[in-house]
Each structure stands twice: as structure tokens, then as C-alpha cells.
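Excluded from the calculations below are hydrogen atoms, water molecules and symmetry mates; all remaining heavy atoms, backbone and side chain alike, are included.
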Amino acid sequence: MRIGIDIGGSHIACGLIEKGEIIAKREKDFEKEDRKSIEKVIEKTIIDFTEEILKERNLKVSEIEKIGLAVPGTTKNGVIVKAENLGIVNFKILEILSKHFDCKNIKLNNDAKCAGICEKEFGSLKNYDDCVFICLGTGIGGAVFLEGELLKPKRYSGFELGHMMIDKNGRKCNCGAYGCFETYASMKSLKDRIAIKKNNYNLSGKEIYQIIKDDRELEEILEEFIQDLNIGLSNIINIFEPEAICIGGGFIHYKDLLLDRLINKMYETKLTFNNDFPIILTAKMRK
């Protein structure tokens, strides 16, 4: 048995995993008030959710083989070095959790890397050796595989594809730089632009889907979003020359509206150095 914890830019989820399947799960969205003491909220939520799941299944912590945490941002030696979209700096999360759980094998990694590994092992990327996973959500994260192996820098978790600059005079990113890929092509950036257009900042995911599907006044916003995504992906293709790119995160909820449009734009503009495009896929391993 394993415990998997996913901390996103806007949510937290905890699941009990057996033989690769999630058999019990708890999750919650972060409220505005939560962000004022986000580290305490994360700590308490993980403890509460884990204890609830273990009690529900009549298990002890000692029966858990591993606890894995997937978090947005940079990680190193069990510390969330920084997670801009959560306002976290140097959060010693593994040290804190080890005081609550008698589990000798607690691991921490970047969330996009975790999702990428999952897609490589079990999902859309399992048949490709050279491939890239891109997570489009609150920000943009990524994982890169060459010859079947995840690339792992020595210093930090690396491959901050969302902070690749695509406009040197562009919008300011949460990281402090300007023109980052994620300020233009994350799902949050698209939703924010739609909210401004509609003067409604409380739109649900279903409402946004319907607006994208039906509202012709959004054409300029959608065209700009797709082109920005095209620019970022084309840069990634030029650098890594993958056989396949898998897109995950919130994008998959809108894939029937956006995926073909993106692929058509990539073939139309041909921004890559070589015209032999990789296959563009969406994530399978998401529950």
C-alpha cells in the first residue's frame, strides 16, 4: 500500500494506492483564506486526509510502504525550495511530515515530474523513448525523457518549461520575470482572459467549457492562446526533438475544443527547425 499526495496550485488531494490503482481518495480546493497560512493548511490537510483514509480502510501507518508527495515548483532534499503560485519558500515539508508519520520512505518531487513518470510508465508515453510531458494548469510544468530515462539535473528538479521566456517585454510572471511561457499558455491564463472578457470572475470549469464552445466573441482570445502555446511547444520541440509530447493538467478537460486547433496551428505555422513534428497526445493517467 502507498499514499500519494498531490499539491496543486489550487487544490490538494490524497489517495491510497494499491497495485497502481487509487482505492480511496480525499481532496479539497484551496480557499482564499487558506493562502494566508498555506503551509499550515497543507500540513493539516495531509495529516487529516491520511488519517481518515487509513481509518476508513482499517490500516496503520506502519502498513504503508511509501508516501509520495507531488508539489508545484522547485524541490531539493525534501524541501519545497519555492512554489510561486502558492507563495511558498523553503518549506521543509518532509521534516514536518516525518514527525507525524512513522514511515521511513517519504519522497518529494515536482508534480509535473510525477505526472510525467506516470504517463511514461502507464499512460500515453509508454511506447516512446524520447518524449516530453507538459502539465498545463495554474502554471506550466514539464518532464523530459531521452532514451527512456527521465532527465534529472544535479542541482534542482529542473526543466521549468513554464518559465521559458517567449516575450522579453511581456507580462510579469509570479516568479518575478517577464514574458514566461506560463503567463500566456497555462490554463489559468486562458481562464483569466475569459473572466475579464465576461466580467465574471466566478466562472466554473463547466461554464468556461461552454463559453469556449459557444461564444464566437472569444475567437481572438482563443487564437492568441493557441498561438502562444504553439510558440512554447515549438521551442521545446527544437530543443529536445521528442517523438511525442503529452499534454496533461487542466487542458485535458478542454481537449475536444483545443487539441485539434493546436495541432492545426502547429502544422500551419511550422515554427520548428525541422518539419517532422512529434505526435501530440493528452494524458491518460488522471482521476
Side-chain angles (χ1 to χ4, degrees), residues 4-15 25-46 49 68-76 79-91 93 108-119 133-143 156-164 171-177 180-196 201-205 208-209 225 228-229 232 246-254 258 282-283 285-287:
I5 299 161
D6 176 33
I7 303 171
S10 60
H11 78 286
I12 182 169
C14 180
K25 185 177 180 180
R26 298 286 190 280
E27 58 186 326
K28 83 176 227 93
D29 292 331
F30 292 128
E31 304 292 338
K32 187 175 181 180
E33 287 298 310
D34 291 337
R35 296 183 179 275
K36 295 178 181 179
S37 54
I38 192 67
E39 293 182 8
K40 289 293 184 184
V41 169
I42 289 171
E43 177 185 353
K44 184 177 188 306
T45 303
I46 290 173
F49 280 179
L69 286 88
V71 303
T74 303
T75 65
K76 185 177 182 179
V79 176
I80 304 176
V81 178
K82 59 178 177 179
E84 287 90 353
N85 292 323
L86 286 171
I88 287 175
V89 178
N90 292 326
F91 181 22
I93 189 167
L108 172 71
N109 204 346
N110 171 266
D111 57 351
K113 308 297 182 295
C114 294
I117 291 168
C118 189
E119 289 299 326
F133 175 79
I134 299 288
C135 184
L136 302 186
T138 303
I140 295 179
Y156 295 103
S157 50
F159 299 99
E160 293 290 349
L161 302 179
H163 297 289
M164 166 177 53
R171 306 179 192 121
K172 188 173 183 178
C173 179
N174 285 337
C175 75
C180 291
F181 183 30
E182 72 175 39
T183 67
Y184 293 89
S186 66
M187 294 311 297
K188 182 180 185 301
S189 73
L190 176 59
K191 292 174 182 178
D192 285 349
R193 278 181 269 183
I194 292 172
I196 292 170
Y201 298 87
N202 296 304
L203 293 168
S204 68
I208 289 173
Y209 178 95
F225 172 77
D228 289 336
L229 185 52
C246 175
I247 304 176
F251 181 89
I252 64 172
H253 298 301
Y254 307 89
L258 300 176
T282 52
M285 307 304 294
R286 182 182 174 97
K287 292 188 177 181

(message) Here's a test for you: under side chain to side chain contact (heavy atoms under 4.5 Å, CB included), which of Lys191, Arg193, Met187 qualifies with Ser189?
(response) Arg193

(message) Within this structure, what is the CD1-CZ distance for the pair Ile38 and Phe91, rounded to the nearest 0.5 Å?
(response) 9.0 Å

(request) Check salt bridge (charged side-chain N to carboxylate O under 4.0 Å, His left out) between Glu31 and all other residues, then give those that pass, not counting sequence neighbours. (result) none

(message) Just to verify, what does Glu84 make a salt bridge (charged side-chain N to carboxylate O under 4.0 Å, His left out) with, not counting sequence neighbours?
(response) Lys82

(request) Measure the spacing between CG of Asp34 and CD1 of Ile12 and express it to the nearest 0.5 Å. (result) 10.0 Å

(request) Write down the atom of Cys173, the atom of Cys180, and the distance for their closest heavy-atom approach. (result) CB-SG, 3.8 Å

(message) Taking the side chain as everything from C-beta on, heavy atoms only, tell me whether Asn85 gets closer than 4.5 Å to Lys188.
(response) no

(message) To the closest 0.5 Å, what do you measure between CD1 (Ile208) and CD1 (Ile194)?
(response) 5.5 Å

(message) Tell me whether the count of non-hydrogen atoms from other residues, nucleotides or ligands lying under 6.0 Å of NZ in Lys28 goes above 12.
(response) yes

(request) Find out whether Ile42 and Val71 are in side-chain contact, i.e. whether some heavy atom of one side chain is under 4.5 Å from a heavy atom of the other. (result) no

(message) Give me the atom names and distance for the closest heavy-atom approach of Asp228 to Ala185.
(response) C-CB, 4.3 Å

(request) Side-chain contact test, heavy atoms from C-beta onward, threshold under 4.5 Å: evaluate it for Ile117 versus Phe133 and give yes or no. (result) no

(message) Quick one, Leu190 and Leu136 - any side-chain contact, counting heavy atoms below 4.5 Å?
(response) no

(message) If I compare all heavy atoms of Glu160 with all of Thr74, which pair ends up nearest, and what's the gap?
(response) OE2-OG1, 3.5 Å

(request) Find the distance between CD1 (Ile252) and SG (Cys246) and round it off to the nearest 0.5 Å. (result) 9.0 Å

(request) For the pair Glu182 (side chain) and Ile140 (backbone), establish whether a donor and an acceptor sit closer than 3.5 Å, ignoring hydrogens and angles. (result) yes

(request) Grab the two heavy atoms, one from Ile7 and one from Pro72, that are nearest each other, plus how far apart they are. (result) O-CD, 2.7 Å

(request) Kindly give the heavy-atom pair with the smallest separation between Gly139 and Ser186, and that separation in Å. (result) O-CB, 3.6 Å

(message) I'd like to check Leu229 versus Phe181 (side-chain heavy atoms, cut-off strictly below 4.5 Å). Are they in contact?
(response) yes

(message) Would you say that Ile93 contacts Thr75 through its side chain, given a criterion of any heavy-atom pair below 4.5 Å between the two side chains?
(response) no

(message) Tell me whether Glu39 contacts the main-chain N or O of Ile88 through its side chain, where contact means a donor paired with an acceptor under 3.5 Å.
(response) no

(message) Using 0.5 Å steps for rounding, measure from the CG atom of Asn110 to the CD1 atom of Ile80.
(response) 10.0 Å

(message) Counting C-beta onward and ignoring hydrogens, is there a side-chain heavy-atom pair between His11 and Asp6 closer than 4.5 Å?
(response) yes

(request) Could you check if a side-chain atom of Phe30 sits within less than 4.5 angstrom of a side-chain atom of Leu86, using non-hydrogen atoms only? (result) yes

(request) Taking all non-hydrogen atoms of both residues into account, name the closest pair between Cys114 and Ala70 and its distance. (result) SG-CB, 3.7 Å

(message) With rounding to the nearest 0.5 angstrom, report the NZ to CG distance, Lys76 to Asn90.
(response) 11.0 Å

(message) I'd like to check the salt bridge (charged side-chain N to carboxylate O under 4.0 Å, His left out) partners of Arg171; sequence neighbours left out, ordered by chain and number.
(response) Glu224

